[in-house]
Amino acid sequence: MRMSWALLLPLIFLGVGCATPYKDLPVVKIDRYGCVIPSQAVVLNRTELTASTIFGEFVNGKLDYKDRPELVELVSKASKDALAVDYLVCIANKRGDVTTQEQKDHLLKRLDFMRGVPPPTPAQIAQWQERNPFPPPIETAMRMLIASHEERLKEYQEREKEREKEYQDMKKAYQEREKAYQEQLKNMMEHQERLTLRLLSTK
């Protein structure tokens, strides 16, 4: 049974329409860190922002924008593009500048701050970075946590020593009062006994 041209022609045109020439496929570019460079982020890859020293200072909040005012507009522009933000986060992860979720959230929070219109001034950025310090690495955070626990334990032990000393002082004072009372009671009884004997001797 022969298929009619009326049925074949739409299928042929549909197949031709779905075929995409290889030359029209987007070129995927990978940077030196292994991150895919979106077309919107090409400008970032061509600047010193992604250089080792500058990028590390950018991530940990130590970059002085007063000396590099041109980076304010660049970062502000990148922060408005989701692909550029993903690209910066990828570089931070691959380089090891960001090793915890807390640090990643902090980087995203800073980029959100840089998204303002107009962009923040270098002075405003410095003030924000001072108020929002970059979270320490997990090893440092653990050491700080352990040190904090040890300090609290030491303070607790000191308070316990003070309480124990107060208790011992109170106990000693009570024992001394009890001894004085017993001594006074003994003297009273002896005095009473002497009075009784004196009365008996006079009869």
Side-chain angles (χ1 to χ4, degrees), residues 49 52-69 71-72 75-76 79 85-86 88-116 119-203:
L49 178 61
S52 299
T53 304
I54 295 296
F55 189 79
E57 294 177 351
F58 160 71
V59 172
N60 60 31
K62 295 181 180 180
L63 182 61
D64 189 353
Y65 289 88
K66 293 180 181 179
D67 296 334
R68 305 296 301 274
L71 293 181
V72 175
V75 175
S76 178
S79 66
V85 169
D86 290 342
L88 292 174
V89 172
C90 177
I91 296 177
N93 282 323
K94 295 288 186 180
R95 279 171 38 91
D97 298 297
V98 168
T99 57
T100 65
Q101 183 62 43
E102 186 181 11
Q103 291 177 339
K104 178 182 176 181
D105 293 342
H106 185 274
L107 175 58
L108 292 173
K109 183 179 178 181
R110 184 184 307 115
L111 288 171
D112 184 64
F113 168 74
M114 296 294 292
R115 195 177 293 132
T121 64
Q124 290 173 329
I125 297 173
Q127 186 179 31
W128 188 93
Q129 292 179 158
E130 183 178 356
R131 293 178 177 176
N132 300 271
F134 186 69
I138 186 65
E139 297 83 3
T140 304
M142 287 299 296
R143 287 196 296 270
M144 292 173 62
L145 181 61
I146 292 173
S148 176
H149 282 302
E150 290 177 345
E151 184 65 24
R152 286 200 294 268
L153 178 60
K154 183 179 178 182
E155 292 175 356
Y156 170 78
Q157 291 173 338
E158 289 294 332
R159 288 196 300 269
E160 285 300 306
K161 287 181 180 179
E162 291 177 0
R163 291 194 185 102
E164 180 64 21
K165 185 176 183 301
E166 290 175 359
Y167 169 76
Q168 293 298 333
D169 291 343
M170 291 174 63
K171 182 179 179 181
K172 182 179 179 181
Y174 171 78
Q175 290 173 341
E176 289 176 350
R177 286 195 301 270
E178 181 66 18
K179 182 179 179 181
Y181 170 74
Q182 292 295 336
E183 188 69 26
Q184 186 179 7
L185 182 61
K186 179 182 177 182
N187 293 335
M188 289 176 63
M189 292 178 67
E190 290 176 349
H191 179 68
Q192 184 66 32
E193 185 178 355
R194 286 194 296 270
L195 287 176
T196 302
L197 291 173
R198 186 178 300 172
L199 289 173
L200 290 174
S201 63
T202 57
K203 290 181 179 181

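- Scanning for side chain to side chain donor-acceptor pair (under 3.5 Å) contacts around K94 gives an empty result, with sequence neighbours left out.
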Can I get a per-line list of side-chain donor-acceptor pairs under 3.5 Å for residues 174-187, giving both atom names and the distance, sequence neighbours left out?
| from | atom 1 | to | atom 2 | distance (Å) |
| --- | --- | --- | --- | --- |
| E178 | OE2 | Q182 | NE2 | 3.0 |
| N187 | ND2 | E183 | O | 3.2 |

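- Across all their heavy atoms, G116 and S76 have their closest contact at O-OG, 4.0 Å.
- Between atom CZ of residue F58 and atom CG of residue L71 there is a gap of 9.5 Å, rounded to the nearest 0.5 Å.
- Nearest approach of L63 to Q129, heavy atoms of both residues: O-NE2, 3.7 Å.
- Every residue meeting the salt bridge (charged side-chain N to carboxylate O under 4.0 Å, His left out) condition with D112, not counting sequence neighbours, appears here in chain and number order: R115.
- For the pair D64 and K66, the salt-bridge criterion is not met [side-chain N within less than 4.0 Å of a carboxylate O].
- Here Q103 pairs with T99 under the side chain to side chain donor-acceptor pair (under 3.5 Å) rule; sequence neighbours left out.
- Here the closest heavy-atom approach between residue V98 and residue K104 is recorded as CG1-N, 3.5 Å.
- Residues M114 and V72 share a closest heavy-atom pair of CE-O, 4.0 Å.
- A distance of 8.5 Å separates CG in L107 from CG in N93, rounded to the nearest 0.5 Å.
- Put simply, the side chain of T196 gets close to the backbone of Q192: a donor and an acceptor are under 3.5 Å apart.
- Heavy atoms from other residues, nucleotides or ligands lying under 6.0 Å from CD of E155 number more than 12.
- The minimum heavy-atom distance linking V85 with S79 is given by the pair CG2-O, 3.7 Å.
- Checked by atom type and distance alone, the side chain of E57 never pairs as donor or acceptor with a backbone atom of I54 at under 3.5 Å.
- Note that CZ of F55 is 5.0 Å distant from CD1 of I91, once rounded to the nearest 0.5 Å.
- Sorted by first and then second residue, the ring pair (Phe, Tyr, Trp, His ring centres under 6.0 Å) pairs involving residues 92-116 (not counting sequence neighbours) are H106-W128, H106-F134, F113-W128.
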Acceptor/donor pairs from residues 158-172 side chains to any protein atom, 3.5 angstrom cut, sequence neighbours excluded:
| from | atom 1 | to | atom 2 | distance (Å) |
| --- | --- | --- | --- | --- |
| E160 | OE2 | R163 | NH1 | 2.6 |
| E164 | OE2 | Q168 | NE2 | 2.8 |
| K165 | NZ | D169 | OD2 | 3.2 |

